[in-house]
Amino acid sequence: MSSKNKVALTLPDGSVREYNGPVTGMTLANDIGPGLAKAALVIVVNGEQWDLSREIEKDSNVSIITNRDDEALEILRHDAAHILAEAVKELWPDTQVTIGPAIENGFYYDFARDKPFTPEDLERIEQRMKEIVERNEEIIRTEMPRDEAVKFFRDMGEDYKAEIIASIPSNEPITLYRQGDFIDLCRGPHLPSTKYLGSDTFKLMNVAGAYWRGDSNNEMLQRIYGTAWRTKKELNAYLTRIEEAEKRDHRKLGREMGLFHFQEEAQGSVFWHSKGFRVWIELERYIRARLREDGYNEVKTPQLMDSKLWEQSGHWGKFRENMFVVPDMVPNAEGEIEVPKDARMMALKPMNCPAHIQIFKQGIKSYRDLPIRMSEFGCCHRNEAHGALHGLMRVRQMTQDDAHIFCREDQIIDETKRFLRLFAQVYDDMGLSEIKYKLATRPEMRAGSDETWELAEKALAEALTASGLEFEYAEGEGAFYGPKLEFHLTDAIGRTWQCGTFQLDYVLPDRLDANYIGQDGERHRPVMLHRAVFGTFERFIGILIEHYAGRFPLWLAPIQVIVAGITSEQDDYVQSVFEKLQAAGLRAEIDLRNEKINYKIREHSHAKIPAIFVAGGREAENNTITVRRLGSNNQETLDLSDAINKLVTESIAPDKR
RNA sequence: GCCGCUAUAGCUCAGUGGUAGAGCGCACCCUUGGUAAGGGUGAGGCCGAGAGUCCGAUUCUCUCUAGCGGCACCA
């Protein structure tokens with residue numbers, strides 16, 4: 001028991017330091033050693049990050065965060081955001097500040113103002129930030145009573161800040177941070193002064209619009225993004241990393257490799273060129289085989305269906321603005337389009353599920369028939385917002401490797417596990433390992449009872465855990481008809497995309513009146529599991545292009561091998577090699593151009609062709625071939641049949657190995 | 001859909017109030033060369049679409065369309 005004034009601080013190594021009264025983190029660090037005092041950034045007091053200048057009044061467990069700790073970077077970036085805000089306020093005092101957190105790789109700050117920031121403004125701001133860093137302004141924490149704080153910010157014309165205070169729970173203190181003349185509402189903690197952020201370790205990246213509080217009903221603010229690091233070296237490494245990553249961008253590679261293109265007349269829909277479509281064909285063959293192995297039966301359902309069905313399914317109500325709707329009519333002889341009032345409305349399917357239920361409903365199903373795993377490479381159309389479209393990742397016409405599993409409630413966990421096994425197999429085959437698993441739970445707007453949701457969410461969590469997968473919850477992100485598992489992959493630029501999905505649905509079978517006869521002779525509702533492994537071919541191929549940086553494994557490569565001759569003397573031999581490669585089922589091309597071998601090698605290497613077969617006089621004479629593989633500067637001369645066999649073996653798809 | 005930026009040759013990009021240029025690619029010719037660019041010649045553009053200002057617009061202004069970066073929405 002410590003006396004009233006004494007403060008005992010327990011360090012991570014278990015040692016205890018006693019003080020005769022309140023003590024700051026800075027004092028403690030100084031007492032431990034001058035080296036630590038220099039490196040110290042923030043102190044953790046009973047698990048909570050505190051400023052070094054804040055007085056610790058009670059016995060506590062403490063640890064000191066230095067520049068070397070990962071947490072330091074986040075605090076540094078948060079400081080950078082404040083310095084950004086200070087710079088903007090100095091340059092344009094009328095601009096209102098709102099929020100500015102640290103994010104992955106950097107920070108941002110949202111401002112409210114009429115005039116947009118220009119690139120020149122960004123330069124000025126960055127320059128001013130450097131000045132503020134050099135000023136080495138002390139960052140001072142103060143607490144303020146709630147009412148006073150609201151008035152304080154209102155008087156300054158900072159209405160957003162006043163609004164934020166109102167949303168802070170009443171049991172939490174209102175803290176302000178001052179640096180120079182700039183005062184911001186902030187939870188903290190911050191570093192002792194602005195110079196802790198180096199003047200050459202950060203960079204402003206871009207400006208973008210962002211809604212106040214993330215709500216599209218609110219006004220739009222101007223967000224400035226920046227990146228910040230411990231050292232200039234780290235900053236440069238990051239900038240280089242981004243540059244490198246941009247080279248893998250599937251939109252760039254897709255054009256360079258001639259895989260696909262987009263054009264205005266078909267916004268958001270892909271023109272697949274023959275090379276790109278070869279990847280698709282191979283993937284489709286592969287997943288079809290995997291699905292068949294796993295007990296799925298493939299179907300094909302209509303593209304265009306009466307709006308009545310969509311009304312019944314609930315899509316008309318919930319998904320209407322994303323649906324392409326067409327009247328069931330043709331233009332008159334003059335080509336004019338007049339839609340009669342009573343025209344039947346048809347919709348291009350945005351999903352396959354209602355159609356699959358129609359198939360399920362044909363005939364009477366017994367509990368013995370379940371589960372039924374019904375798959376379809378369904379081509380769907382969704383009228384995505386213009387601003388959402390993004391290369392292959394977000395399109396308006398997409399083909400899913402979709403399937404619906406109709407099952408009894410007692411089969412849910414087994415079916416989930418079974419799906420997770422399939423999923424793991426497929427992603428392993430593709431060499432994709434960095435997958436984020438998320439369990440999306442009940443949203444505010446939802447159908448079904450809480451008990452049902454409780455059960456469904458538990459079932460998914462249990463199946464994930466049983467499959468040994470680590471996951472995080474995405475609260476409130478579930479579909480209105482049920483919770484879902486989301487499988488996220490990251491693209492070259494660091495954005496994450498949901499590919500595979502697994503959703504529980506108690507609602508749709510009910511709305512569309514699907515039932516089966518149970519053991520008890522009564523009718524029961526089946527549970528419907530919506531699931532996709534790739535998600536959509538479009539997005540998945542986009543991810544694969546970036547994942548492989550265009551260097552597809554042999555089984556997926558659009559062109560697997562190119563045969564090139566050294567001189568025109570070997571044209572006949574080269575032609576015969578090419579024919580043998582084709583006969584062996586390989587995707588081969590031939591290069592008889594009047595170019596030097598150096599040139600051909602360079603060009604085909606740039607085109608990311610996995611194998612180049614070179615034939616000169618020696619090869620033609622001995623019936624051999626010299627093989628050069630992508631990524632290697634070595635070459636190897638082999639008997640032609642051996643070389644072909646080797647390639648054939650290597651190009652066997654994972655499902656046939 | 002919202003905020004901002006961009007749109008010139010197949011690709012990457014210069015450029016100008018007086019209707020355009022480079023490199024790569026492409027075509028033809030010379031060259032027959034052994035593993036990442038051999039040489040020469042040449043053909044390609046309604047300067048995204050529409051309107052306005054001007055004697056004259058690819059250039060300035062406005063509208064539209066598409067793309068890009070975010071936000072919102074979502075596989």
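In what follows, chains are A, B, ... by sequence order, proteins preceding strands, each numbered from 1. Values below: all heavy atoms of this structure, side chains included; hydrogens, waters and symmetry mates excluded.
- Residues A/F502 and A/L460 meet the side-chain proximity criterion, which asks for heavy atoms closer than 4.5 Å.
- Considering only the side chain of A/A388, B/A72 comes nearest among B/U35, B/A72, B/A66.
- Residue A/Q222 contributes atom CD, which lies 16 Å from atom P of B/A72 at whole-angstrom precision.
- Counting distance only, with no hydrogens placed and no angle test, the side-chain atoms of A/S216 and the base atoms of B/A72 include no donor-acceptor pair under 3.5 Å.
- No hydrogens or angles considered: a donor-acceptor pair under 3.5 Å links the side chains of A/D402 and A/N352.
- Distances shown here put a side-chain N or O of A/Q503 below 4.0 Å from the OP1 or OP2 atom of B/A75.
- Here A/R394 does not reach the OP1 or OP2 of B/C73: none of its side-chain N or O atoms lies under 4.0 Å away.
- As a whole-Å value, the separation of A/L489 CG from B/C74 C1' is 15 Å.
- For A/Y481 and A/H530, the ring centers are positioned less than 6.0 Å apart.
- A straight line from CG of A/L592 to C1' of B/G33 spans 15 Å, rounded to a whole angstrom.
- Side-chain atoms of A/Q560 come within 3.5 Å of backbone N or O of A/L554 as a donor-acceptor pair.
- If you check B/G34, B/A66, B/A37 against the side chain of A/Q267, the one that comes closest is B/A66.
- With the nearest nucleotide of RNA chain B identified for both A/Y211 and A/G565, A/Y211 has the one nearer the 5' end.
- Side chain of A/Y225, nearest nucleotide from B/C68, B/G70, B/G33: B/G70.
- Nucleic acid contact for A/K252: none, since no nucleic acid atom lies under 4.0 Å from a heavy atom of the residue.
- Glycosidic conformation of B/G44 is syn; the angle stays within 90° of 0.
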(message) Only Watson-Crick and G-U wobble pairs with both distances less than 3.5 Å should count. Give RNA chain B in dot-bracket notation, marking inter-strand partners with |.
(response) (((((((..((((....[..)))).(((((.......))))).....(((((..]....))))))))))))....

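- Here the nucleotide nearest the side chain of A/H606, chosen from B/A36, B/G34, B/A75, is B/A36.
- Toward the 5′ end of RNA chain B lies the nearest nucleotide of A/S568, the other residue of the pair A/S568 and A/N633 mapping further downstream.
- You won't find any donor-acceptor pair under 3.5 Å spanning the side chain of A/R382 and the base of B/C73, going by distance alone.
- Under the ring-ring contact (aromatic ring centres under 6.0 Å, His included) criterion, A/Y437 pairs with A/F487, sequence neighbours left out.
- Residue-to-nucleotide contacts include no donor-acceptor pair under 3.5 Å from the side chain of A/R213 to the base of B/A72.
- Side-chain atoms of A/E619 and base atoms of B/G34 include a donor and an acceptor less than 3.5 Å apart.
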Pairs under 3.5 Å (N/O, protein and nucleotides 22-29 of chain B):
from	atom 1	to	atom 2	distance (Å)
B/G25	OP1	A/Y599	OH	2.9

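- Inspection of the A/D429 and A/Y286 side chains reveals an N or O donor paired with an N or O acceptor under 3.5 Å.
- When distances are taken from the side chain of A/N206 to each of B/C74, B/G69, B/G33, the shortest belongs to B/G69.
- Side-chain proximity of A/I597 to B/U35, B/C71, B/A75: nearest is B/U35.
- Residue A/R602 has its side chain nearest to B/A36 when only B/C11, B/A36, B/C74 are considered.
- Backbone-only contact: A/A210 has heavy atoms under 4.0 Å from sugar-phosphate atoms and none from a base.
- Applying the 4.0 Å criterion to OP1 and OP2 of B/A37, one finds that A/K600 has every side-chain N and O outside that range.
- Inter-residue side-chain proximity for A/V270 and A/Q397 is flagged as unmet; no heavy-atom pair is nearer than 4.5 Å.
- Two residues are said to be in side-chain contact when any heavy atoms from C-beta on lie closer than 4.5 Å; A/T416 and A/L485 meet this criterion.
- Counted by atom type alone, A/R77 and A/Y108 present zero donor-acceptor pairs between their side chains at under 3.5 Å.
- Residues A/D401 and A/G535 approach most closely at OD1-N, 3.0 Å, considering heavy atoms.
- OP1 or OP2 of B/G70 sits under 4.0 Å from a side-chain N or O of A/R495.
- Of all nucleotides listed (B/C11, B/G70, B/C74), B/C74 comes nearest to the side chain of A/E384.
- Taking both residues in full, the closest heavy atoms of A/M257 and A/G550 are given as CE-O, 3.2 Å, listed atom of the first, atom of the second, then distance.
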